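From a predicted model like this one, the values you see are computed outputs, not experimental measurements.
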Amino acid sequence: MRIGLAMPVAVAVMAGAVLGSWLGPACNTLWLTSALGILLLVLATVRLRYCLWLAIVCWGVVAIQSQWARQLPVGLSGEDVRVEGRITQTQQISGGLRLLLKVERCEAPDLRPDCERLQRVRVSAYALESPLPQPGERWMMTLRLRPPSGFMNPGAFDYAHWLWREGIDATGYVRQEPSAQRLTAASFSLRQQAHAMLEEQPLSPRTRRWLAALTLGLGDQLTQSDWKLLNASGTTHLVVISGLHVGLVASFVLLLARQAARWITPGNWRLRAWPWWLSAAAALGYALLAGMEPPAMRAMIMSVVGLWVLSGRHAPGPWQGWWLALAAVLVIDPVALWRPGLWLSFVAVAWLIIIWQGRPRPQGLRGWCWAVLRSQCLLAPLMAAAVLVAFGRVAPTAPLINLVAVPLMSLFMVPLALLGWLLTPVPYASTAAWWLFEQGLGGFYSALEMAVVHWPLWEPSRYLQLPWALGLLVMALCWGLPGTARWLKRGALTIVMLVPFWPASPRLSGDDLLITVYDVGQGQLIELRSTHQRMLVDTGPRYRSGFMPLETLWPPGQHFDLVLVSHSDSDHAGGVQALRDQHQVEEWRAPALEPLAVQRLDCQRGDEWQRDGAHYRVLWPNADQGESSSNDRSCVLSVQVGQQQVLITGDVGRQVERRLIGDLNSPVTVLVAGHHGSASSSGLQFVRAADARHVIFSAGRDNPFGHPNDDVVRRFREQGSCLWNTAQDGAIQLRLSPGASLEINPLRESTPRQRC
């Protein structure tokens with residue numbers, strides 16, 4: 001590739017990737033490929049250059065569309081498929097393993113769509129018999145899969161998009177019957193052999209985990225607590241195989257090779273090209289050893305381009321090298337366009353080029369220390385803005401921590417970790433190097449924990465994220481661009497200081513009530529917000545792996561005036577632990593006989609209170625509920641704002657519903673259907689008496705219980721109710737105002753509704 005073509009090639013691939021993503025998964029790949037092929041032939045007869053650019057655009061389109069086409073067909077969602085494949089990653093979870101499987105063969109049930117296009121699936125495995133699956137082994141398993149999907153909540157992490165950009169075509173779990181079978185043992189892998197040898201070293205488990213992540217790219221060895229600490233301190237980039245690690249390997253090999261060239265050809269050693277080629281080969285080899293994951297691949301390409309620039313032989317300028325590296329990454333992997341890590345790394349390099357272009361090279365220890373300090377101070381606000389846009393959060397202490405952590409990792413930790421591998425043939429030498437690494441890691445880990453305790457991860461309101469990012473960007477540009485007037489620099493600081501006073505979301509009026517029924521899968525979590533109160537009804541489920549959807553909704557440190565838990569079933573009370581450990585709750589309420597690990601007031605019939613113009617009434621349970629099931633002890637809450645009533649019935653059955661009919665203020669404006677739409681609730685008498693204008697089912701997509709039940713849906717439709725389901729519509733927001741009509745907004749409306 002000619003250097004002058006790097007920028008147009010990168011732009012062409014980006015255009016193709018954007019077009020392929022815009023067309024979406026519904027596009028017919030065969031027809032699209034045929035149309036693009038015909039267009040290529042037509043342009044080839046006109047001008048070959050146009051044909052070349054269109055071919056590059058087509059490559060981006062086809063790569064994105066192929067990613068969509070490989071996903072599990074909807075017709076196989078929830079069905080058992082027989083899969084043969086190779087284990088590529090294993091990760092410990094509560095009670096089992098999470099496996100990443102490269103599919104080699106897939107058999108679907110008769111009269112179902114085929115699953116031959118599947119390439120990678122992510123599944124959970126519980127109660128597996130020994131021997132447990134290991135990376136590199138081939139296994140035959142029966143899997144219950146579903147297409148990549150995630151919860152649809154405003155401002156929350158888009159898990160479905162993350163699965164897509166990571167190339168994961170389906171998720172699910174391993175069926176225990178028929179049992180999984182190991183077909184072949186793992187073939188030889190230098191990476192796995194190195195990891196096995198590392199596990200035998202007399203080091204602490206934490207040290208072995210970090211060595212595996214830092215030197216072998218095995219980030220799955222880090223625990224959830226490790227990742228939480230790294231995210232909260234803004235140091236995740238330090239344990240991903242990146243430019244730091246690949247650059248150190250390449251620099252070390254280049255240093256040795258150039259020294260060897262000086263001994264072999266002392267007269268013209270500076271003109272020898274082979275040291276540079278050897279260094280590039282070392283960068284490629286290390287990236288391959290680390291698994292050639294996208295971050296390692298990007299680091300390898302950028303390191304090779306950097307070596308080319310520094311070698312001085314027909315070298316491009318820094319910007320040409322930047323475009324060349326970007327073009328190479330995108331041509332190899334067009335899906336990388338949608339990975340935040342790509343843009344964070346390339347933006348950081350671009351900004352370093354800008355702030356150092358035209359400046360002399362630092363001299364001496366003092367000069368290099370000043371260069372590192374200046375670079376970090378000028379880089380920090382720009383990267384904070386980028387991280388805020390990409391992830392909606394930022395670590396307040398990240399600039400200060402990285403100011404110490406980057407030199408520590410670059411000059412001490414990573415060299416010691418790599419030196420340990422280099423000295424493995426020498427008895428006890430590698431152990432000594434890794435022991436020193438362990439001591440440094442202990443101090444580093446403690447410092448991170450202390451910083452996170454005092455300055456936790458900061459996640460501003462969604463409405464403040466863009467203003468904050470713009471303010472930080474303006475400050476970075478004014479202080480980083482050469483020749484900026486001093487008054488502009490001071491003005492940029494003033495802008496950032498004024499951002500906290502930026503008007504946030506439209507404020508609720510004194511009597512307005514905002515209710516959000518969140519998408520938490522097979523469970524229930526409802527938030528009620530008014531001017532002076534923030535309340536939750538239920539806390540969502542807790543899965544077998546220990547995952548709680550509530551953790552994806554808000555950063556730690558939220559304040560709730562009241563949390564009402566309808567009953568103790570795990571799909572309603574599963575998030576109690578996360579609320580108790582990570583947030584502040586003024587008051588808990590739950591039925592008297594329900595076992596919950598919190599101090600609470602009893603929730604019973606007759607309880608009433610008023611806040612900000614909304615009237616709250618507990619309609620159930622009665623005081624004497626000793627013989628009732630947990631479902632029938634559910635706390636039933638009625639919320640009245642003006643003439644509008646919202647009724648939340650928990651999991652009560654038909655018998656309890658009939659006892660509630662006399663307390664209803666019909667017609668009910670919004671009813672959150674009982675028991676997620678189960679046939680045990682929403683009886684005919686209750687449906688007719690409530691005469692609900694809107695009915696919301698809080699159910700999981702493709703849930704195994706078939707919620708909402710077909711008969712229940714039919715009853716509400718015959719009553720003329722407008723039906724919503726969090727599984728299809730995502731989170732549903734209601735705004736109730738006295739004297740005004742109800743405003744209802746689903747995150748994604750999937751089907752037309754004539755009465756809504």
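Panel note: side chain S279, backbone P275; no donor-acceptor pair is recorded below 3.5 Å. A distance-only check finds no donor-acceptor pair linking the side chain of W323 to the backbone of A10 [under 3.5 Å]. When atom types are taken as modelled, the side chain of T171 and the backbone of R122 share no donor-acceptor pair closer than 3.5 angstrom. Between the side chain of W322 and the backbone N or O of I353 there is no donor-acceptor pair closer than 3.5 Å. Without hydrogens or angle criteria, T207 side chain to L203 main chain gives no donor-acceptor distance under 3.5 Å. At distances below 3.5 Å, not a single donor-acceptor pair connects side-chain atoms of S446 with backbone N or O atoms of G443. Panel note: side chain Q67, backbone W164; a donor-acceptor pair is recorded below 3.5 Å.
Contact of the L419 side chain with the F437 side chain is not registered, since no non-hydrogen atoms from C-beta on lie closer than 4.5 Å. The shortest side-chain heavy-atom distance between P133 and W139 falls under the 4.5 Å cut-off. The shortest side-chain heavy-atom distance between L418 and V249 falls under the 4.5 Å cut-off. Using a 4.5 Å cut-off on side-chain heavy atoms (C-beta onward), R70 and L118 make no contact. Put simply, the side chain of E166 reaches to within 4.5 Å of the side chain of R339, judged on heavy atoms. Put simply, the side chain of L222 reaches to within 4.5 Å of the side chain of L230, judged on heavy atoms. Put simply, the side chain of F346 reaches to within 4.5 Å of the side chain of V329, judged on heavy atoms. Within the 4.5 Å cutoff, the side chain of L97 has no heavy atoms near those of the S124 side chain.
When every heavy atom of P381 is checked against every heavy atom of C377, the shortest pair comes out as CD-O, 3.1 Å. Between A212 and Q221, the shortest heavy-atom contact is CB-CG, 4.1 Å. Residues L337 and L342 come closest through the heavy atom pair CA-CD2, 3.9 Å. In this structure, L378 and W351 approach most closely via the heavy-atom pair O-NE1, 2.9 Å. In terms of heavy-atom proximity, F444 sits nearest to A405 at CE1-CB, 3.7 Å. Across every non-hydrogen atom of M300 and A283, the tightest pair is CG-O, 3.7 Å.
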- Applying side-chain contact (heavy atoms from CB on, under 4.5 Å), run through R138 and R182 and close with a yes or a no. CA-CA 6 Å; R138 289 186 65 251; R182 186 173 68 175; over 6 Å; no
Exercise for review: Please step through side-chain contact (heavy atoms from CB on, under 4.5 Å) for the pair L254 and L307, ending with a clear verdict.
Suggested key: CA-CA 9 Å; L254 179 63; L307 288 168; 4.1 Å; yes
Go through L422 and F252 one step at a time and tell me if the side-chain contact (heavy atoms from CB on, under 4.5 Å) criterion holds. CA-CA 12 Å; L422 193 64; F252 181 69; 3.9 Å; yes
*Test V121 against I168 for side-chain contact (heavy atoms from CB on, under 4.5 Å), laying out the working first.*
CA-CA 5 Å; V121 297; I168 297 172; 5.6 Å; no
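With sequence neighbours left out, E449 forms a side chain to side chain donor-acceptor pair (under 3.5 Å) with no residue at all. For R209, the side chain to side chain donor-acceptor pair (under 3.5 Å) criterion is met by D226, not counting sequence neighbours.
A donor-acceptor contact under 3.5 angstrom links the side chains of Q582 and E551, judged on distance only. No side-chain donor from either of E137 and T184 sits under 3.5 Å from a side-chain acceptor of the other. Using modelled atom types and a 3.5 Å distance limit, the side chains of T215 and W421 yield a donor-acceptor pair. In summary, the side chains of W356 and S375 do present a donor paired with an acceptor at a separation below 3.5 Å, with no hydrogens or angles considered.
The CZ atom of R206 sits 5.0 Å away from atom CG of L441, with the distance rounded to the nearest 0.5 Å. Considering CG of L278 and CZ of R258, their distance stands at 12.5 Å, rounded to 0.5 Å.
Identified under the salt bridge (charged side-chain N to carboxylate O under 4.0 Å, His left out) test for residues 191-201, with sequence neighbours left out: E199-R208. Evaluation of the salt bridge (charged side-chain N to carboxylate O under 4.0 Å, His left out) test over residues 85-94, restricted to residues two or more places apart or in two chains, returns R86-E104. Evaluation of the salt bridge (charged side-chain N to carboxylate O under 4.0 Å, His left out) test over residues 399-422, restricted to residues two or more places apart or in two chains, returns none. Each ring-ring contact (aromatic ring centres under 6.0 Å, His included) pair with one or both residues in residues 197-224, not counting sequence neighbours, appears once here: W210-Y445.
M197 CE: more than 12 foreign heavy atoms inside a 6.0 Å radius. Around atom CH2 of W319, more than 12 heavy atoms belonging to other residues, nucleotides or ligands sit under 6.0 Å away.
Partner T142 forms a side-chain hydrogen bond (donor to acceptor under 3.5 Å, both in side chains) with one of Q176, R175, R82 and no other, that one being R82. Here the options are L143, I87, T88, L132, the test is side chain to side chain contact (heavy atoms under 4.5 Å, CB included), and the partner is L99; only I87 passes.
Ring orientation note: the planes of W162 and F157 are tilted relative to one another, at an angle of 30° to 60°.
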